[in-house]
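Just so you know, these numbers come straight off a predicted model, no measurement behind them. Every chain is numbered from 1, with letters handed out A, B, ... down the list of sequences.
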There are 2 protein chains.
Amino acid sequence: MSPSKPAQRGGEPTEAQWRIINAALKLFAEHGVGGTSLRMIAGELGVTVAAVYHQYNTRDEIIYAAVESSLRQLNTIVDAAEAEPTVARARGSLLAGMVDLTTGVGRSLSAVLSDPAVTGSFSHHAGYRDLLRRMCRLLFGETVTKAARIRTATVIAAINGAATHPMLADLDDNALRGELLYLARRLQPTPSELANLLADRSVLEPPT
Amino acid sequence: MSPSKPAQRGGEPTEAQWRIINAALKLFAEHGVGGTSLRMIAGELGVTVAAVYHQYNTRDEIIYAAVESSLRQLNTIVDAAEAEPTVARARGSLLAGMVDLTTGVGRSLSAVLSDPAVTGSFSHHAGYRDLLRRMCRLLFGETVTKAARIRTATVIAAINGAATHPMLADLDDNALRGELLYLARRLQPTPSELANLLADRSVLEPPT
DNA sequence: GTCTATAGACCGATAGAC
DNA sequence: GTCTATCGGTCTATAGAC
């Protein structure tokens with residue numbers, strides 16, 4: 001059971017592994033996961049492919065580590081939001097954290113989590129599903145209804161997708177941050193909608 | 001200058017080409033553009049790689065044709081919206097068309113247009129830029145300001161990203177359609193915001 | 001921890017028979 | 001329009017020297 005390489009699933013990456021993960025995330029954002037080879041990752045770091053294989057046994061392990069690294073960042077944001085004293089502050093904290101994560105250096109985070117090569121295998125990943133559920137609860141109340149799930153996915157997609165959209169490539173991060181945060185808040189439910197969300201009725205129906 | 005293959009840039013694809021494009025779009029959505037080989041496309045169609053090369057000279061030509069096919073569908077939606085008699089109807093028509101395009105059979109459309117391997121090279125594509133500008137004008141007024149561009153990108157990202165999000169994979173299209181359309185409308189500006197959008201001030205500032 | 005060298009499969013692409 | 005056969009290159013992955 002003891003692995004021949006320093007890598008462990010769920011464990012924190014070593015410094016050498018962290019460098020590989022960062023190079024991989026950058027290239028994933030630029031060429032997609034499927035369009036990124038180990039040769040490219042090694043080249044980005046100025047080493048050979050064999051040196052990369054000394055840290056991870058397979059290509060899939062690198063992808064997995066890169067995704068887990070991104071999820072860890074997201075987890076930190078969710079943890080902080082859940083620690084807020086009020087619901088309103090928790091929502092604001094989560095949205096602000098998500099916007100910061102996608103507009104800052106972690107811009108590559110959005111790309112890897114929405115890559116078809118990743119979404120398929122990670123849709124059943126326990127940690128990922130748990131993270132989504134917690135985000136859904138923070139944004140739209142304790143009961144995770146279908147309508148709340150659609151809202152959560154829409155908020156995530158809006159923030160992530162807008163930050164990486166080529167039409168906005170020329171904008172500076174600060175301008176983007178403010179508008180995105182405002183728009184994300186705008187997708188939060190009004191009090192009258194909330195009743196329908198909790199009952200999992202369409203938001204188009206009148207509130208009870 | 002006359003090509004040895006029936007393919008022409010900007011021209012309508014033949015039936016054989018259309019089959020290749022559809023198979024490619026399906027696989028792009030599943031494995032990403034970079035993760036899809038000609039062998040996979042040929043296999044999807046039950047033919048050999050050489051048969052595919054009889055329709056397109058290079059792999060890039062197939063990608064280009066697939067993207068152009070997606071843009072043509074989007075163009076049809078925008079044309080129909082622009083033909084509406086009032087601004088309100090035009091906006092509704094565009095949003096409904098976009099939602100239908102991403103939730104129906106064209107679900108794969110979203111994936112290819114947001115693939116890193118595509119966004120890079122198509123961000124300077126004249127037809128694509130023109131399409132985005134027209135969508136921006138339809139949704140947020142004649143003058144294309146920075147704030148309006150952010151809004152447009154956010155609406156596009158929200159619709160496309162939500163439709164393909166793994167968290168919503170179990171939902172039927174009809175339920176998704178209604179909620180997405182409602183949420184997309186929700187991102188449209190209020191009258192007081194509109195003044196700021198046109199002046200390209202932050203929406204957070206009070207209207208003049 | 002990094003290298004060279006190598007294996008075997010797959011890649012994009014071409015030539016030419018039917 | 002589809003096939004087989006083939007090219008050179010790149011892919012993931014391993015073995016072993018330093």
Q) Which whole-number value in Å describes the distance from A:Tyr56 OH to D:dC11 P? A) 20 Å

(Q) Measuring from the side chain of B:Thr58 (C-beta onward, heavy atoms only), which nucleotide among C:dA13, C:dT4, C:dA15 has the closest atom? (A) C:dA13

Q | Atom pair distance, as rounded to whole Å: CD1 in B:Ile62 and P in C:dG12 | A | 9 Å

Q. Between atom CE in A:Met40 and atom C1' in D:dT12, what is the gap in whole Å?
A. 15 Å

Q: Take the angle between the ring planes of A:Tyr128 and B:His165 and call it parallel below 30°, perpendicular above 60°, tilted in between.
A: parallel

Q: Compare side-chain N and O positions of B:Thr48 against OP1 and OP2 of D:dC3 and report whether any pair is under 4.0 Å apart.
A: yes

Q | A:Asn22 and A:Arg19: side chain donor to acceptor below 3.5 Å | A | no

Q. If you check the B:Ala51 side chain, which of C:dT2, C:dC3, D:dC3 turns out closest?
A. D:dC3

Q) How long is the line joining CD1 of A:Ile20 and C1' of C:dG1, in whole Å? A) 11 Å

(Q) Of the listed nucleotides (D:dG1, C:dT14, D:dT12), which one gets closest to any side-chain atom of A:Tyr53? (A) D:dT12

Q. Of the non-hydrogen atoms in A:Ala81 and A:Leu138, which two are nearest, and what is the gap between them?
A. CB-CD1, 3.8 Å

Q.
If I take atom CG in residue B:Asn57 and atom C1' in nucleotide C:dG12, what distance separates them, rounded to the nearest angstrom?
A. 13 Å

Q | A:Arg59 side-chain proximity, nearest of C:dT2, D:dA13, D:dC3 | A | D:dA13

Q.
What verdict does the side chain to side chain contact (heavy atoms under 4.5 Å, CB included) test give for B:Leu176 and B:Val99, after you've listed the backbone C-alpha separation in whole Å, the side-chain angles of each residue and the deciding distance to 0.1 Å?
A. CA-CA 9 Å; B:Leu176 197 54; B:Val99 170; over 6 Å; no

Q. Rounded to the nearest Å, what distance is computed from the NE2 atom of residue B:His54 to the P atom of nucleotide C:dA17?
A. 15 Å

Q | Between C:dC3 (C1') and A:Leu38 (CG): distance, integer Å | A | 16 Å

Q: Looking only at non-hydrogen atoms, find the nearest pair between B:Thr152 and B:Leu132 and report the distance.
A: CG2-O, 4.5 Å

(Q) Students often get this wrong, so: under 4.0 angstrom with heavy atoms, is A:Ser37 touching a base, only sugar-phosphate, or nothing? (A) sugar-phosphate

Q) Of all the choices, C:dG1, C:dC3, D:dT10, which nucleotide is nearest to the side chain of A:Arg39 once you look at every atom? A) D:dT10

Q. How many Å lie between CG on B:Asp60 and P on C:dC11, as a whole number?
A. 16 Å

Q: Return the nearest nucleotide to the side chain of B:Ala16; candidates are D:dC3, D:dG1, D:dT14.
A: D:dG1

(Q) Let's see if you can work this out: which of D:dG1, C:dG1, C:dC3 has an atom nearest to the side-chain heavy atoms of B:Gln55? (A) D:dG1

